[in-house]
Every structure is written in C-alpha cells, then in structure tokens.
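So that the names make sense, note that chain A is the first sequence line, chain B the second, and so on, each numbered from 1.
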2 protein chains.
Amino acid sequence: MTVQATPYVAYPRPDVAEKLRLPPGRLRILDAAAEAFMERGYDSTSIDEIADRIGATKGAVYYNYRSKLDIFLAVYERGMLLLEERTADALQKCADATSAERLRAVSVAHADNIMSNYTYHVVIQSGVEQRRQMALKDADRTRLSELDQMRTHHESLIQAFIDEGQRDGSIRDMPARLATRTLIGGIVGIAIWYRPRTGQTQDERLDMAGEVVELLLTGLLPR
Amino acid sequence: MTVQATPYVAYPRPDVAEKLRLPPGRLRILDAAAEAFMERGYDSTSIDEIADRIGATKGAVYYNYRSKLDIFLAVYERGMLLLEERTADALQKCADATSAERLRAVSVAHADNIMSNYTYHVVIQSGVEQRRQMALKDADRTRLSELDQMRTHHESLIQAFIDEGQRDGSIRDMPARLATRTLIGGIVGIAIWYRPRTGQTQDERLDMAGEVVELLLTGLLPR
DNA sequence: GTCTATAGCTAGATAGAC
DNA sequence: GTCTATCTAGCTATAGAC
C-alpha cells in the first residue's frame, strides 16, 4: 500500500506556487509582522510597530491588510504554503523509495523548513492556539479552520508513513500515535531552540536538519 | 567522573520545598492565571478574567500580587520549582546508576513534570521569551534572569549527562550539543501536543513519559 | 481581605488630506 | 498609495468604602 490517498502526491499543486507569489510590499509587511509577532507576541505587537519596521506608518499597512488578525492569518498561510511546497518537492524526489526513506525525506524537509522560515513557524507554533480562543468573525474563523486543516493534513501524512513503515517492518513496533507525536514534537521543537546564524547557508541548515532527524529516527543510545 | 559539579546533587534543597508551599488563596490565583495565560496568552488575559476564574474581583488579585507581571513571574517560578523538586527526587533514587540511566531518569522526570503541570509549562514555554522583550523595571528584570538561570541550569544538567555518557560509551558518538537540543526539544515539545485527559492517573502519565523518552533514546527505526 | 469606581493610557481602526 | 489626526474600546493599577 502506498500513500496515494494523501493529497501531497497530487503535487505540484499550481495554486500553492501562485499563492506564494506576493506583491513585494505585502511580503515586506508579512516578514516584518512575523518577526515582531515572534519577538513580542501577537497582542503586544502594535500596527505602529509593524509599520516602523518597514519604515512606514499605519496607513501603508492598512492599505494592504484589513486588520491585525488578517496579517496574522496571512503569516500562518504563508508558513503552511512554504511547508507544503517543500514537502511536495521532497516527495517527488523519492516517489519510489521505501516508506522509511520517504518518512525521512518528509521529516528532513519539515525540519529544514522550520529553520529556513523560522520566524513564520515560531509565530504559528506560539500563536495559533491563542488566536483560536479569540472572539472571531465568521469569515476569520472559517479561514483559520482551513489553515488548521493544512496543518492537520501534514501531520496525517507523517502518521501515514509511520503506519506504513510499521506494517512493512521498516519502523519499530511501538504505539504509532505516540511515535508520531514524538517525532513531530521533536521536529517542531526545533523552533524552541534554533536561532539562525548570520551567514549560515541553506546547505548547512539541510545538514543540521538531517542530523536532527537522524537522531529522532535512530536515538541517542548506541545501536 | 560524576556530575558532582551540578547543584542538583546537593538536594533536597530545603528552600525549594518551602517556596512551593503557598497560601491556598495565592495558589488558586496562580492556577487560574496559568490556565488563562495558556489559553489566551499573557497580553489578552485581563486581571478581571483571572479574578472571574476564581469567583472574585480584581481587588482580591491585587491584594496578593503587585502586578500582572508579578503573577507571570510567580507562575514561571512555580513551574521551575516543581521541575527542580521532581528532578532532585529522581536523581536521589539512582545516584549510583550509569550515566545513561541517570539521563533516562532525569528525562522521564522532566517529561512527566511537563504533563503533570502542563499549564505552567505551556505558559513558560510560550511566554518567557516575549516577557523578556518587554520594558521591565530593574527588580523584575533581575527576577526574570534568576528564573532563566534555573532553566539554563536544568539544561546543563542534561547536557552533562550526555557528555558523560559519550565519554563512557553508553551514549552514541554524535554532536553532543545537537543531541542535547534534540532530546530537550523532544521533551519540551510534549507541551505542544499533550493535553491531559480527565481521569488520567499519575501512573499513566509516568508510563507515557517513559515511552516518549524511550523513543527519543532509542529512535523509531528497528534496532 | 474583598469590593466598586475611576484615573490614565495604549492601541486598533477609520477618515480625509496630499 | 501613504500620510496624519482622531475616535473609541478595553485594560492596568490605585483609592477608598465596607
């Protein structure tokens, strides 16, 4: 059995690449907002501060985004789109590999993505649950749910590989749900301790992502 | 070589148990505040809301704590004290074991503590960095630094066991710093996915903590 | 020890100039 | 498209009653 059931195999989805293309002005706002949200949190970041960071004033921000929540949702969306694009890319390159190898590829792509776009992922990690508790307009709640589904979908992809690997024996026999949680927790946990170094190249990040995933897959103890 | 250099071996420290004993009124406030901070975030939690959760009004809260930040710091402190007490306890029970076994014991204690006091640890996890960015009075900044040191100290304890284990061969040869980060990330990451079930016993949590640590130490792949 | 009332401030959002 | 000015809501913290 393969993971044909999971949407990622239908990639490249044209709308992902399209949605990732933003007018430069908006991208600057999102980058600045993600950084500010990460450092100070959603609530204590003012629109004035976001505007300051791009050397403008409120007006320029509100011309592009309806509200502060709208900016947050755009950050959330972009983070998920970046992850989705990268995941689809990784899967294409190993379509015929074993399930354990595909699990590794997806995990490395995920880990690398968290490091490469870490402001976005830190914001998602620390902000989504709290935004969900807010009083939201219907349209915003719908949009939030759609983004949550993208996240859930990515998790179920990893879960699918682990299930598959357990069936074919390439992954150890242990509670699959807990193994999924622990693996994802270890990857997402990168956002807790990783801080990008200036001058770090994409290759260096990939190496580090590979080592972290290697550790999670094979453990700390001698084999 | 042992970890005599690390303060935990000097336990039980009497002041930890003493600081954990709080007047019931204050404990109720901290529990309510930790829950509110976790669900809604520090900034969008009002003092009124904390008061509501204990069936009182602002006055009762401000009688016990100077400011909202003071409440946050008390939550941070209590979370760290609970971890410290539990860690010292675990270490006492395996003082003569191998370094790998002590690493396991400390890790399980940590994992269990995150589940058993998860509101406190979620608040610490998601709030400390952002509080550090605030404009703080000198006294508050000093207190925050002291609590940060408690956290750093716990991390260096785990790092010490990994270093030791690599020297005596009970832990695999890989970048020690990254292994420490990944292990701690995996444990702290529990706060991301774990939600307590009503009726879950302490023993069940301990089992789960043991399985998660087992996974992190031995990996997902067959051995 | 807990309450209510209120002072004082901050920040999201909008209107209208340029 | 971006600016400044402003309206308005909600919140921290305090004062003073009971």
### Message
On DNA chain C, compare the nucleotides closest to A/Thr45 and B/Ala56; which residue's is nearer the 5' end?
### Response
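It is B/Ala56 whose nearest nucleotide is closer to the 5' end.
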
### Aromatic ring pairing B/Phe72/B/Tyr42, orientation class (parallel under 30°, perpendicular over 60°, tilted between)
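The rings of B/Phe72 and B/Tyr42 stand perpendicular, inter-plane angle above 60°.
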
Tell me: [atom1] of [X] to [atom2] of [N], nearest whole Å?
| X | N | atom1 | atom2 | answer |
| --- | --- | --- | --- | --- |
| B/Ile50 | C/dT2 | CD1 | C1' | 17 Å |
| A/Glu49 | C/dG12 | CD | C1' | 15 Å |
| A/Ile71 | C/dA11 | CD1 | P | 15 Å |
| B/Lys68 | D/dC11 | NZ | P | 9 Å |
| A/Met134 | D/dG10 | CE | C1' | 13 Å |
| A/Asp52 | C/dG12 | CG | P | 12 Å |
| B/Asp70 | D/dT12 | CG | P | 14 Å |
| B/Arg40 | D/dC11 | CZ | C1' | 12 Å |

### Query
Does a nitrogen or oxygen in the side chain of B/Tyr63 sit under 4.0 Å from OP1 or OP2 of C/dT2?
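Checking C/dT2 against B/Tyr63, no side-chain N or O comes under 4.0 Å of OP1 or OP2.
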
### B/Thr57 side chain near C/dT2 phosphate (N/O to OP1/OP2, under 4.0 Å)
no

### Message
Taking the side chain as everything from C-beta on, heavy atoms only, tell me whether A/Leu183 gets closer than 4.5 Å to A/Leu103.
### Response
yes

### Message
To the closest 0.5 Å, what do you measure between CE (B/Met208) and CZ (B/Arg205)?
### Response
10.0 Å

Closest to the [X] side chain, choosing from [options]:
| X | options | result |
| --- | --- | --- |
| B/Lys58 | C/dA5, D/dT2, C/dT14 | C/dA5 |
| B/Ala60 | D/dA13, C/dT2, C/dG12 | C/dT2 |
| A/Ile47 | C/dG12, D/dT2, C/dC3 | C/dG12 |
| A/Tyr62 | C/dT14, D/dC11, D/dT14 | C/dT14 |

### Message
Could you go through A/Val212 and A/Ile187, starting from their C-alpha distance and side-chain angles, then the distance that decides it, and tell me whether this counts as side-chain contact (heavy atoms from CB on, under 4.5 Å)?
### Response
CA-CA 8 Å; A/Val212 171; A/Ile187 294 171; 5.7 Å; no

### Query
Contact class for A/Ser44 vs. all strands (heavy atom < 4.0 Å): base, sugar-phosphate, or nothing?
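Contact class for A/Ser44: none.
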
### Backbone of B/Leu136 reached by a side-chain donor or acceptor of B/Asp140 within 3.5 Å
no

